[in-house]
Each structure stands twice: as structure tokens, then as C-alpha cells.
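Notes to accompany the following structure.
Indexing begins at 1, ligand by ligand and atom by atom, following the structure's order.
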Amino acid sequence: MAKKSPSFICQACGALHSRWQGKCESCGAWNSIAEESPAAVTLPAAHRSGRKGRLIELQSLAGTNDSPPRTQTRIAEFDRVAGGGIVPGSVLLIGGDPGIGKSTLLIQVSATLASAGHRVIYVSGEEAVEQVRLRADRLGLANAPVELAAETNVEDIAATLSQGRTPVLVVIDSIQTMWTDSAESAPGTVTQVRSSAQILIRYAKQAGAAVILVGHVTKDGQIAGPRVVEHMVDAVLSFEGDGAHQFRILRAQKNRFGPTDEIGVFEMTGLGLEEVPNPSELFLSNRDRGAPGTAVYAGMEGTRPVLVEIQALVVPTSLGTPRRAVVGWDPSRLSMVLAVLEARCGIKLGGHDVHLNVAGGFRISEPAADLAVAAALVSSLSGAVLPADNVYFGEISLTGAARPVPHAPARLKEAAKLGFARAVVPDAKASERGSKERGGKERDGGAPPIPLDVISSLADLVAGIAARGPRRGARAVEEA
Ligand code: TYD
Ligand code: MG
């Protein structure tokens with residue numbers, strides 16, 4: 001027999017190395033390489049047996065195709081992100097920081113499904129059955145017929161699952177605690193996590209039960225260890241939020257059965273997670289209407305409009321290099337807006353610190369927020385208060401032109417619904433054209449629901465704000 005030398009595996013990406021090193025050359029992670037036993041790394045016996053391959057029947061792309069039947073959990077915010085419900089035989093990975101509420105969400109999903117008469121099995125590898133019960137009790141779900149187990153061995157779990165009626169949903173909380181006899185490394189290592197996930201995925205596909213795996217997240221937001229697992233599962237959802245705020249957002253990062261731009265919004269209360277069907281109201285509560293430096297942005301998350309307040313603070317710097325601090329938006333996007341303000345509108349911010357914050361802890365990923373950010377920045381710099389009933393959306397190009405963005409009608413409708421009286425936007429006709437080109441389904445139903453202030457460039461926006469007159473210190477803009 002060949003001598004087995006130890007193998008070194010990167011715990012972040014799963015790359016195999018022949019010796020230990022500080023940095024993984026494959027993914028660039030530091031101090032992520034751990035020694036694992038060689039037996040754990042070799043292929044299972046079936047793959048080594050050298051048998052001849054069985055012939056597979058090939059099929060055509062066209063054919064009878066039922067769209068996968070979905071089981072709705074009746075937690076609408078969850079169903080939306082999952083793509084309209086749980087697909088039988090699919091495997092979902094839910095990642096999130098510790099304490100964010102993954103177990104709470106999943107026990108609620110399990111309980112609602114079980115109460116609707118489906119068989120649901122909840123396996124906790126982290127908590128004792130008692131703890132899970134206590135939580136369910138606190139959530140008022142103790143009477144739901146969820147079948148519980150506290151177990152970490154995947155073979156035992158798979159054997160248990162194959163008994164009796166096929167469950168509709170199996171929750172594994174969490175995949176990092178699972179271990180299998182077929183791998184020799186310690187629980188939590190890449191090999192263990194990958195092998196355990198493989199067994200559970202095979203079970204899901206064979207039995208047609210949906211499996212939800214919980215995964216922990218590292219400091220930099222990666223689903224810890226099982227990045228390898230992300231490729232194996234059908235959908236990866238992340239559960240986000242921060243300790244300072246009550247709301248939590250469920251976001252799809254990958255979904256083989258649905259869109260990846262939908263979000264589900266929840267609020268963590270003393271009685272568990274509550275759905276937030278109208279997130280804009282939540283994000284716009286506690287607005288400070290009389291202060292310069294705030295602008296309301298009409299954004300889109302998937303098919304849903306979300307209005308959030310953007311806050312900017314521009315103050316003379318006391319340091320050699322001015323600070324640019326951003327919470328909830330892309331810092332390089334802010335640099336771009338600042339550069340365009342300087343180059344096209346002559347507003348110099350080189351001597352100012354710039355702080356930008358998306359209120360409520362929300363994270364914006366769309367470039368459509370450019371215009372709202374610029375408005376907040378100019379308002380803060382000039383001291384001119386923006387009208388509290390205005391919303392802003394639009395993209396800014398490097399030439400200083402304001403560019404239309406998709407889904408303008410949906411954004412305007414939401415703004416009207418929340419009592420906003422005016423929208424500052426790039427060319428509205430083009431907005432609608434843009435949304436159709438990009439596959440939007442909105443109809444241009446005649447007049448917009450609220451009056452529009454159509455601007456064609458960033459300079460128009462700045463001029464409009466400067467004309468409002470400063471509350472204090474507008475010199476910077478006037479000089480420009
Ligand atoms: P948990 O679901 O255990 O988080 P995770 O599984 O992601 O680690 O949630 C833990 C936090 O949620 C805990 O800090 C307390 C809070 N919480 C509430 O505020 N209300 C509740 O009803 C429950 C069950 C938890
Ligand atoms: Mg948990």
C-alpha cells in the first residue's frame with residue numbers, strides 16, 4: 001500500500017495542499033489550512049472499484065415539464081425569497097451571524113408547515129431538545145407537531161429520516177455540527193461538512209424531501225467552512241441584520257428555482273420574527289424632517305419597492321486625509337459621486353470629511369441611489385433642507401448626466417402610497433423605456449402618480465438645492 005502522507009486542506013475553499021502554509025494560494029485566505037487525515041480525502045469505495053459505467057439514457061431539452069410543485073410555508077416573506085415556496089427534493093443553505101435568528105426563523109417555518117399537516121423534522125446539532133422546546137414555547141408554537149431530535153451523526157439522521165412518511169421539510173441546524181463516519185476529520189472541518197452535506201443532499205434528492213441546512217457565517221460574511229457547500233445546494237439564502245436594529249432581511253444569493261433579487265423583511269420581537277409586509281414604513285419611521293443632509297431614496301429590492309432615508313454629513317476635516325465613512329452603501333460608488341460632484345459641478349469636498357449612512361441599517365445595492373446620495377451630500381454641505389415630501393432616484397454617469405433607472409412606475413407608486421408629493425428623477429419617459437428594455441413588466445399607465453421634477457444632470461440637482469437657500473453656511477455651494 002502506498003504510504004499515506006498527511007493532507008492539508010484550506011478550510012475556506014477546500015483546496016488541497018501538500019504542506020502547511022500560512023496563506024491558501026487558491027483563495028488567498030490566511031491561516032485557513034488545516035491538516036486532515038488522508039483517508040478522509042480519498043474517494044469512497046464505490047468510485048474506486050473500477051466497474052464499467054452504466055449507460056445513461058439521454059433526453060431532449062424539450063419535453064413534458066411540470067414546474068416544480070411548491071409547498072407554501074404561509075410565511076409570505078420566506079416564501080417570496082425561496083421563489084414561491086419550498087420545492088420538494090431541494091436543498092437550501094441559510095447563512096447568518098450567530099444570534100441573528102436563524103433557529104427562530106426555521107422553528108417558525110417548521111411549526112407553520114407542521115400545523116398545516118405536513119411532516120416536518122427539525123434536527124438540532126447545537127441545542128438540546130429542551131432548548132428547542134423552550135424556544136417554541138416562548139413563540140407560542142409548542143403545540144405544532146414538529147418532530148424534534150438533537151443529533152449530529154449524519155448516518156443516524158439519514159436512517160431516521162428514511163423511516164415512515166417522507167417528510168416535506170427537514171431542518172438541519174447547523175451543518176457545521178454534523179459529522180459522518182465516512183470522513184475521519186474532526187466535525188466542523190471542510191471534509192466533514194462537505195461529506196455530511198453530500199449525504200443529506202443525496203437523501204433529499206432520493207426521497208423528495210426539502211432539506212434546509214443552517215450555516216454559520218465568518219467575520220467577513222462568508223458562510224464559514226462550507227463555501228464548498230454553496231456549490232452543492234440549490235439555494236443559498238442569507239439572513240442579515242445587525243444587533244442595533246430589530247429588523248432582519250432574508251436575501252437569496254443563489255437560487256436554482258427562483259429569482260435572487262427578492263428580499264424578505266422580518267422584525268425580531270419578543271414573540272419571535274414577525275413579517276414586515278411594508279418595509280418602507282419601517283425604514284421611514286423616526287425621520288428627522290427639519291435637518292439638512294437627508295434624502296429619501298425610492299429603491300427596489302427584486303419586485304418590491306423599498307423607500308429608505310439616506311443621511312449624509314459633510315464637515316470640514318481636521319485630518320490631512322479626509323475621511324469617507326459609508327454604512328449601507330458601496331464606498332467606491334460614493335467616491336464616484338464625490339468625484340462627479342467635483343468635476344462636473346465644481347463642488348470641492350477634498351477638505352471635508354464625508355459620512356454617509358443608510359437609515360435603519362438597510363443595505364442598498366442598486367446604483368439607482370446615486371441621485372439621492374448626491375442630494376443628501378449637497379444638502380448637508382449647503383445647509384439647505386430638502387423638502388421632506390420629496391423622493392429621489394436615478395443613476396449618475398461619470399459625465400454628470402442623470403440616467404434613468406428601471407421600475408420607475410413601481411417606485412413612484414410606492415412613494416405616492418406613503419404620502420410623498422414629488423419625485424426628483426431623470427427623464428421619466430426614458431425611465432419607463434429603460435424598465436421595459438430590461439424586461440420590466442410595468443405598463444406606462446399615463447400620468448405618474450405624483451408630480452415629477454425631471455432633471456437631466458447632476459448640475460440641475462445642485463442648482464435646485466442651492467436655490468432653496470441655505471439654513472446655514474451655503475458658501476461652499478455658492479462658490480462653486
Ligand atoms: P436564534 O434564532 O437562536 O439565532 P441563531 O440561530 O441565528 O444563532 O436567535 C437568538 C436571538 O434572537 C437571541 O439573541 C434572542 C433573540 N430572540 C428574540 O428577540 N425574540 C424571540 O422570540 C426569540 C426566540 C429570540
Ligand atoms: Mg441557532
*Of the protein's non-hydrogen atoms, which lies at the shortest distance from atom 19 (O) of ligand 1, and what is that distance?*
M268 CG, 3.4 Å
*Report the part of L271 (side chain from C-beta onward, or backbone N, CA, C, O) that has a heavy atom under 4.0 Å from ligand 1; answer both or neither where that applies.*
backbone
*Please work out which of S103, P98, A136, G272 has its closest non-hydrogen atom nearest to atom 6 (O) of ligand 1.*
S103
*For atom 13 (C) of ligand 1, what's the nearest protein heavy atom and its distance?*
G99 O, 4.4 Å
*Are any of the heavy atoms in T269 under 4.0 Å away from ligand 1?*
yes
_Nearest non-hydrogen contact with atom 24 (C) of ligand 1 belongs to which option: E274, E127, R135?_
R135
*With a 4.0 Å cut-off on heavy atoms, does G96 reach ligand 1?*
no
*Going by the order shown, which atoms of ligand 1 are within less than 4.0 Å of some heavy atom of L139?*
22 (O), 24 (C)
*Examine all N, O or S atoms of S124, backbone included, and report whether one is under 2.8 Å from the Mg ion (ligand 2).*
no
*Nearest-option assignment for atom 5 (P) of ligand 1, heavy atoms, candidates Q246, Q131, K102*: K102
*Any side-chain heavy atom of L282 sitting closer than 4.5 Å to one from Q246?*
no
*Is there a protein heavy atom at a distance of less than 4.0 Å from atom 21 (C) of ligand 1?*
yes
*asked:* Starting from atom 4 (O) of ligand 1, what is the nearest protein heavy atom, named by residue and atom, and what distance separates them?
replied: G101 N, 3.1 Å
*Please write down residue, atom name and distance for the protein heavy atom closest to atom 2 (O) of ligand 1.*
T104 OG1, 2.5 Å
